[in-house]
Amino acid sequence: MSAKTINGLVFDQDLIQLHARYDSREELIKSFGKKIEEENYAKKGYTESLLQREIEYPTGINMGTIGIAIPHTNKEFVNETAIAVAVLDNSIEFEDMGGSDVTVNAEIVMVLVVKNPKMHISFLKNLTSLFQEEKFVKRFQNATNPADIEEILLKLL
């Protein structure tokens, strides 16, 4: 595990994938959920809870220039606050957070593993604000290694 903790958030470069390819949101969530559980950032059952929550409360967000998704679940499954990131070569369809049977073609997916609800809300607020800036989006899309993503995410704390 190549991880470091900054302001209570674990940055583990093993949880950052660039040029990732998945056939569905379920495949992506299962893959990341399994890795998050294996690394002990979350308890057994995290992945199933993540999948169920995505059905009940979709996390796709159309940011105008890009579609993102931020799957997450209840804090009782979390051992340690961390984040997993996939910058996708092919977009994946997520249901829109606002509902109404609208879909979002997500190009960036961030799986949140958050223990502190206040940190969760603050992180989401900062994240959605930054994704409205084209320069921020381009930096994400042009990242060449996990350290680049880590550096970008530090702005959210």
Side-chain angles (χ1 to χ4, degrees), residues 1-18 20-63 66-88 90-132 136-137 140 146 149-150 152-157:
M1 178 166 60
S2 56
K4 62 182 170 186
T5 304
I6 301 168
N7 293 338
L9 177 63
V10 175
F11 287 94
D12 184 339
Q13 292 187 9
D14 292 340
L15 297 179
I16 298 174
Q17 298 179 359
L18 303 176
R21 291 191 153 278
Y22 291 95
D23 292 327
S24 68
R25 68 177 174 257
E26 291 81 9
E27 180 187 10
L28 182 146
I29 290 171
K30 285 179 182 177
S31 175
F32 272 110
K34 179 180 176 192
K35 181 76 171 166
I36 288 165
E37 286 182 29
E38 286 173 353
E39 296 292 337
N40 205 32
Y41 295 120
K43 297 172 179 75
K44 188 170 174 32
Y46 171 81
T47 303
E48 286 307 314
S49 180
L50 201 58
L51 287 164
Q52 187 59 40
R53 191 186 184 291
E54 188 64 35
I55 291 167
E56 294 172 14
Y57 303 102
T59 63
I61 306 170
N62 183 340
M63 298 303 300
I66 192 167
I68 64 172
I70 312 169
H72 54 281
T73 194
N74 303 326
K75 67 180 183 175
E76 66 256 17
F77 289 99
V78 177
N79 291 327
E80 198 169 1
T81 298
I83 185 168
V85 178
V87 179
L88 303 168
N90 59 316
S91 63
I92 295 176
E93 196 172 271
F94 277 77
E95 299 297 318
D96 186 83
M97 188 180 274
S100 304
D101 296 324
V102 175
T103 59
V104 172
N105 291 318
E107 297 173 48
I108 297 173
V109 179
M110 297 182 165
V111 180
L112 300 184
V113 189
V114 182
K115 203 170 194 165
N116 177 341
K118 287 182 183 176
M119 179 185 215
H120 173 89
I121 291 166
S122 171
F123 191 84
L124 285 175
K125 182 180 171 189
N126 291 342
L127 182 66
T128 54
S129 175
L130 284 171
F131 268 107
Q132 292 176 18
F136 180 80
V137 171
F140 241 90
I149 297 295
E150 184 179 296
I152 295 165
L153 291 175
L154 285 173
K155 290 186 172 203
L156 299 175
L157 299 176

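What you see below is based on every heavy atom in this structure, not just the backbone, and it leaves out hydrogens, waters and symmetry mates.
- You'll find the side chain of L50 stays beyond 4.5 Å of the side chain of I36, heavy atoms only.
- K43 has its side chain within reach of N79: a pair of non-hydrogen atoms, C-beta onward, lies under 4.5 Å apart.
- Under the 3.5 Å distance criterion, the side-chain polar atoms of N74 are left unmatched by any main-chain donor or acceptor of E76.
- The two residues I92 and Y22 have their closest heavy-atom pair at CD1-CB, 3.4 Å.
- Contact of the E107 side chain with the F140 side chain is not registered, since no non-hydrogen atoms from C-beta on lie closer than 4.5 Å.
- The structure places CG of N62 at 12.5 Å from CZ of F131, a figure rounded to the nearest 0.5 Å.
- For T47 (side chain) and K30 (main-chain N/O), no donor-acceptor pair under 3.5 Å exists by modelled atom type.
- Note on K35 versus E39: salt bridge recorded, some NZ/NE/NH1/NH2 to OD/OE distance being below 4.0 Å.
- Side chains of E95 and T103 form a contact here, defined as non-hydrogen atoms less than 4.5 Å apart.
- Atom-to-atom distance recorded for L15:CG and M110:CE is 12.5 Å, nearest 0.5 angstrom.
- Interatomic distance, T73 OG1 to E56 CD, rounded to the nearest 0.5 Å: 9.0 Å.
- Looking only at side-chain heavy atoms (C-beta outward), E54 and T59 come within less than 4.5 Å of each other.
- Side-chain atoms of Y46 and V111, non-hydrogen and from C-beta on, do get closer than 4.5 Å to each other.
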